[in-house]
Amino acid sequence: MTNLGVTTQTSTSISTGSTEIDRRLGGGIPFRTLMLVEGQPASGKSTLSQQLLWGALKSGESATIYTTEQTVQSFLRQMDSLGLSVTDYFLLDQLRVYPVALSDETTDAAVAFDELSRHIIEEQASRVFVIDSLTTLVSRSGGDKIQEFFVRCKSVCDTGKVIICTVHSGAFDDNVLTRVRSICDAYLQLEVRASGSRLLKTIKVAKIRGADESVGSIIGFDVEPGLGIRIIPLSRARA
């Protein structure tokens with residue numbers, strides 16, 4: 001298969017496609033990382049996960065995304081609108097997109113978790129996975145099943161892969177969140193807060209295990225059409 005990016009066979013981490021985000025994460029996303037991205041509605045969780053996915057593809061990695069909120073066509077259009085076109089990667093089968101449909105509230109979350117983890121294990125060609133988002137599944141499942149799913153994902157990551165999961169703030173109860181955070185290698189918290197007359201999006205890098213460099217704590221950012229994520233110095237954003 002032809003790669004559209006530069007392969008990183010000997011690298012210990014994957015670039016996010018943004019020099020500044022790489023720096024704040026301590027050099028990119030280390031292989032063998034299970035990452036949880038948690039945030040409020042409209043805080044940029046999906047956009048951030050898409051940025052990370054695009055960076056992996058640009059680095060020469062094959063990737064898979066499971067989306068509970070979009071079709072294949074709407075996902076590709078959204079990536080185009082952010083200036084992060086992945087259509088060529090999709091056509092060359094370097095990117096696989098799987099919409100995850102949960103038909104109604106009677107859908108068995110335990111079965112869905114099992115099928116999702118099994119599908120990830122069977123996707124041998126991909127080294128990077130994004131699940132956007134787990135909120136609906138988490139809301140229908142108990143803590144033990146959620147923990148079991150993350151343990152399975154961590155086992156996949158231990159083979160040299162990266163899995164990035166997004167979830168809404170408050171989806172986990174405190175006890176489950178504590179257990180999930182202990183399993184994950186990386187934990188990012190996204191927030192939207194007022195800053196003068198504007199709303200400021202921030203990423204708190206709460207945890208990055210295995211980072212090559214020191215980790216930055218809080219990142220301010222905007223999402224701009226055609227440009228994707230733009231990092232904003234917090235001092236300037238608050239001015």
Side-chain angles (χ1 to χ4, degrees), residues 1-19 21-37 45-68 70 72 75-76 79 82 84-100 113 115-134 149-167 183-188 205 207-213 215 228-229:
M1 183 190 305
T2 301
N3 280 339
L4 297 176
V6 178
T7 186
T8 55
Q9 293 292 329
T10 60
S11 177
T12 60
S13 62
I14 303 171
S15 173
T16 65
S18 163
T19 302
I21 296 177
D22 283 351
R23 185 175 71 83
R24 300 300 184 92
L25 294 181
I29 304 174
F31 286 107
R32 305 169 66 90
T33 291
L34 174 58
M35 175 182 285
L36 179 65
V37 179
K45 296 184 300 300
S46 292
T47 304
L48 177 60
S49 69
Q50 290 160 6
Q51 172 73 48
L52 303 182
L53 180 75
W54 183 78
L57 292 166
K58 292 288 286 183
S59 297
E61 302 297 341
S62 293
T64 294
I65 181 168
Y66 301 92
T67 172
T68 61
Q70 300 192 72
V72 173
F75 170 76
L76 294 176
M79 294 294 285
L82 293 171
L84 306 174
S85 178
V86 294
T87 300
D88 287 345
Y89 297 102
F90 177 73
L91 293 175
L92 288 171
D93 202 33
Q94 192 174 339
L95 169 66
R96 296 183 177 184
V97 183
Y98 295 107
V100 178
F113 268 132
E115 291 180 351
L116 181 56
S117 59
R118 183 166 56 252
H119 201 280
I120 290 172
I121 292 169
E122 291 172 352
E123 283 286 295
Q124 294 290 329
S126 293
R127 292 191 72 187
V128 178
F129 297 85
V130 171
I131 306 170
D132 183 38
S133 76
L134 283 175
F149 173 75
F150 276 89
V151 168
R152 287 183 179 179
C153 286
K154 179 54 184 166
S155 295
V156 172
C157 293
D158 286 343
T159 67
K161 301 191 177 187
V162 172
I163 299 178
I164 301 161
C165 303
T166 72
V167 69
I183 296 167
C184 291
D185 304 287
Y187 178 49
L188 308 184
V205 184
K207 177 183 180 182
I208 294 282
R209 184 181 296 147
D212 291 335
E213 306 166 16
V215 173
I229 288 180

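We count residues from 1, following the sequence as given. Here the structure is a predicted model, which is why all the values come from computation and not from measurement.
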| said: Could you go through Asp185 and Arg32, starting from their C-alpha distance and side-chain angles, then the distance that decides it, and tell me whether this counts as side chain to side chain contact (heavy atoms under 4.5 Å, CB included)? | reply: CA-CA 8 Å; Asp185 304 287; Arg32 305 169 66 90; 6.0 Å; no

Can you measure from [atom1] ([X]) to [atom2] ([Y]) and round to the nearest 0.5 angstrom?
X: Leu48; Y: Asp132; atom1: CG; atom2: CG; value: 10.0 Å
X: Ile120; Y: Glu115; atom1: CD1; atom2: CD; value: 12.5 Å
X: Leu188; Y: Lys45; atom1: CG; atom2: NZ; value: 12.5 Å
X: Ile163; Y: Ile29; atom1: CD1; atom2: CD1; value: 12.5 Å
X: Ile229; Y: Ile21; atom1: CD1; atom2: CD1; value: 4.5 Å
X: Leu53; Y: Leu95; atom1: CG; atom2: CG; value: 5.5 Å

Where is the tightest heavy-atom contact between [X] and [Y], given as atom of each residue plus distance?
X: Ser18; Y: Gln51; result: N-NE2, 4.0 Å
X: Ser62; Y: Ala125; result: CB-O, 3.5 Å
X: Phe31; Y: Gly160; result: CD2-O, 3.4 Å
X: Arg209; Y: Ile183; result: NH1-O, 4.2 Å

| remark: Sorted by chain and residue number, the side chain to side chain donor-acceptor pair (under 3.5 Å) partners of Ser85 (sequence neighbours excluded) come out as Asp80

Between [Y] and [X], is there a side-chain heavy-atom distance shorter than 4.5 Å?
X: Phe129; Y: Cys153; value: no
X: Ile164; Y: Val37; value: yes
X: Ile14; Y: Arg127; value: no
X: Gln50; Y: Phe75; value: yes

Check: [X] side chain, [Y] main-chain N or O, donor-acceptor pair, under 3.5 Å:
X: Ser15; Y: Gly17; result: yes
X: Thr159; Y: Ser155; result: no
X: Lys161; Y: Thr33; result: no
X: Thr68; Y: Ser133; result: yes
X: Lys207; Y: Cys184; result: yes
X: Ser13; Y: Gly27; result: yes
X: Gln94; Y: Ala63; result: no

| said: Does Val72 form a side chain to side chain contact (heavy atoms under 4.5 Å, CB included) with Phe90? I'd like the steps, not just the answer. | reply: CA-CA 10 Å; Val72 173; Phe90 177 73; 3.7 Å; yes

| salt bridge (Lys or Arg N to Asp or Glu O under 4.0 Å) partners for Arg96, two or more places apart | Asp93, Glu123

| request: Look at the aromatic rings of His119 and Tyr66 and report parallel, tilted or perpendicular, splitting at 30° and 60°. | output: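 His119 vs Tyr66 ring planes: perpendicular.
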
| field | The single option from Leu116, Leu36, Thr166 passing side chain to side chain contact (heavy atoms under 4.5 Å, CB included) against Leu134 | value | Leu116

